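First comes the structure, then the notes that go with it.
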Amino acid sequence: MRAELRARHYSPSTQKTYIAWVRRLIRFHKRHPRALGATELEQFLDHLIVNGASASTHLQVICAVRFLYICVLGTPAPWLDSLVGPRKLRPLPVVLSKEEVRAVLNRMKGTPKLMAALLYGSGLRLLECARLRVKDIDFSSAQILVRLGKGRKDRRTLLPDNMRVPLANHLTQVKALHTADLTNGAGSVALPGALARKYPTASKSWPWQWAFPATRQYQDPDTRELRRHHLHQTVLQRAFHAAVQEARIDKPASCHSLRHSFATHLLEAGYDIRTIQELLGHHDVSTTMIYTHVLNRGPFGVRSPLD
């Protein structure tokens, strides 16, 4: 199953999740998947729901099971279509006001503050920010190139003017760290696809380094090289959560709320929704339209007759 997932270029996190659910399914029934049918799958799903599985988890399990039977086992399973999927929910995004964003950022410091400012100022997703490489930041044109974002799509977004100097100073420190790593026989990073074989020296070159490297090194199990991964997303999540609590903000805000706030505040400023769609990297404009529901204008900006 892992080989089939890799052949279809599924992300490492999706590979790990799908395999984990199939493993749980097999352990639940203690039988090979070929011996299972619709009844056994419904029992497993019912067991998960009774134990508090969410609608997204329910859908995730169904996707993993479909992949197993269709792509791995190649077994005709017409009962897959009869599996009851969860009702799709589309909750409104949690949006912070400009004052709340300012209060949160003022209570953060160091690299997490820099990354959080990029999430709000450029509309980046958390992992998109963590996976930025030095060559993806174009100071001359004030743009950030997001490579292999959600849906494995590339896009360009803006680099805020207020971020130019702090980000340049940060990259100066990162370059000094990279130079020290090279002196100590390390300094390489993982490259996407087959680029490591095509360009053998690229992994140690400055443009390919992570813009936000981790503080620790690790040894690659295949090449035995000492490398640095990008800063783990949980570092930013913890710092953001602590800042939200310190600012006494009652909204269930997460790092992704900064991206929601980016889109909403651009709409409030009068920018057209197509431009915002391009900056966010949405495939369909209807996805971007959800931000119109949290504006103080439009149908929800109508003055009530009671007022």
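These figures come from a predicted structure and were not determined experimentally.
Thr14 and Thr17 form no side-chain donor-acceptor contact under 3.5 Å, judged by distance and modelled atom types alone. The closest side-chain donor-acceptor pair between Ser141 and Asp138 falls under 3.5 angstrom. A donor-acceptor contact closer than 3.5 angstrom links the side chains of Thr234 and His232. Checking Thr264 against Ser261 by side-chain atom types alone, no donor-acceptor pair falls below 3.5 Å.
Between Ala202 and Leu191 the shortest heavy-atom distance is CB-CD1, 3.8 Å. Closest of all the heavy-atom pairs between Ala64 and Met1 is O-CE, 4.0 Å.
For the pair Arg228 (side chain) and Gln209 (backbone), a donor-acceptor distance under 3.5 Å is absent. With Ser188 contributing its side chain and Lys204 its backbone, the two residues share no donor-acceptor pair below 3.5 Å. Between the side chain of Arg224 and the backbone N or O of Asp220 there is no donor-acceptor pair closer than 3.5 Å. With hydrogens and angles disregarded, a donor-acceptor distance shorter than 3.5 Å links the side chain of Gln15 to the backbone of Tyr10. Between the side chain of Arg259 and the main chain of Gly123, a donor-acceptor pair closer than 3.5 Å is present. A distance-only check finds a donor-acceptor pair linking the side chain of His265 to the backbone of Leu96 [under 3.5 Å]. A distance-only check finds a donor-acceptor pair linking the side chain of Lys251 to the backbone of Val95 [under 3.5 Å]. Between the Asp136 side chain and the Leu132 main chain, no donor and acceptor come within less than 3.5 Å of each other. At distances below 3.5 Å, not a single donor-acceptor pair connects side-chain atoms of Thr275 with backbone N or O atoms of Tyr271. Put simply, the side chain of Glu246 never gets that close to the backbone of Ala243: no donor and acceptor are under 3.5 Å apart.
At most 12 heavy atoms of other shown residues, nucleotides or ligands fall within 6.0 angstrom of atom CZ in Arg238. The 12-atom threshold is not exceeded at CG of Asn162, counting heavy atoms of other residues, nucleotides or ligands nearer than 6.0 Å. Heavy atoms of other residues, nucleotides or ligands lying less than 6.0 angstrom from OH of Tyr199 number 12 at most. More than 12 heavy atoms of other residues, nucleotides or ligands lie within 6.0 Å of NZ in Lys135, so this atom counts as buried by the packing criterion. Atom NE2 of His29 is surrounded by more than 12 heavy atoms from other residues, nucleotides or ligands within 6.0 Å.
The existence of a salt bridge linking Lys98 and Glu268 is excluded, since no basic side-chain nitrogen approaches an acidic carboxylate oxygen closer than 4.0 Å.
Within the cation-pi definition used here (under 6.0 Å to the ring centroid, within 45° of the axis), Arg133 qualifies as a partner of Trp210.
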Start with the C-alpha distance between Met115 and Thr111, add both sets of side-chain angles, then the distance that settles side-chain contact (heavy atoms from CB on, under 4.5 Å), and finish with yes or no.
CA-CA 6 Å; Met115 296 175 70; Thr111 301; 3.9 Å; yes
Take Glu278 and Arg156 through the test salt bridge (charged side-chain N to carboxylate O under 4.0 Å, His left out) and record every step on the way to the result.
CA-CA 8 Å; Glu278 291 295 326; Arg156 292 185 183 275; over 6 Å; no
Show your reasoning for whether side-chain contact (heavy atoms from CB on, under 4.5 Å) applies to Leu258 and Leu126.
CA-CA 10 Å; Leu258 294 174; Leu126 177 57; over 6 Å; no
Test Arg147 against Glu128 for salt bridge (charged side-chain N to carboxylate O under 4.0 Å, His left out), laying out the working first.
CA-CA 8 Å; Arg147 296 187 180 275; Glu128 290 174 348; over 6 Å; no
Would Trp208 and Val134 count as a side-chain contact (heavy atoms from CB on, under 4.5 Å) if you check the C-alpha gap in whole Å, the side-chain angles of each, and the deciding distance to 0.1 Å?
CA-CA 6 Å; Trp208 280 99; Val134 174; over 6 Å; no
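Note: Phe262 and Tyr120 fail the aromatic proximity criterion, with ring centroids not under 6.0 Å apart.
Taken to the nearest 0.5 Å, the NZ atom of Lys113 stands 14.5 Å off from the NE2 atom of His170. A distance of 6.0 Å separates CG of Leu159 from CZ of Phe139, quoted to the nearest 0.5 Å. To the nearest 0.5 Å, atoms CG (Leu236) and CG (Leu119) are separated by 5.5 Å. Once rounded to the nearest 0.5 Å, the distance linking CG of Leu124 with CG of Leu118 reads 6.0 Å.
Counting only heavy atoms from C-beta outward, the side chains of Phe28 and Leu48 never approach each other to under 4.5 Å.
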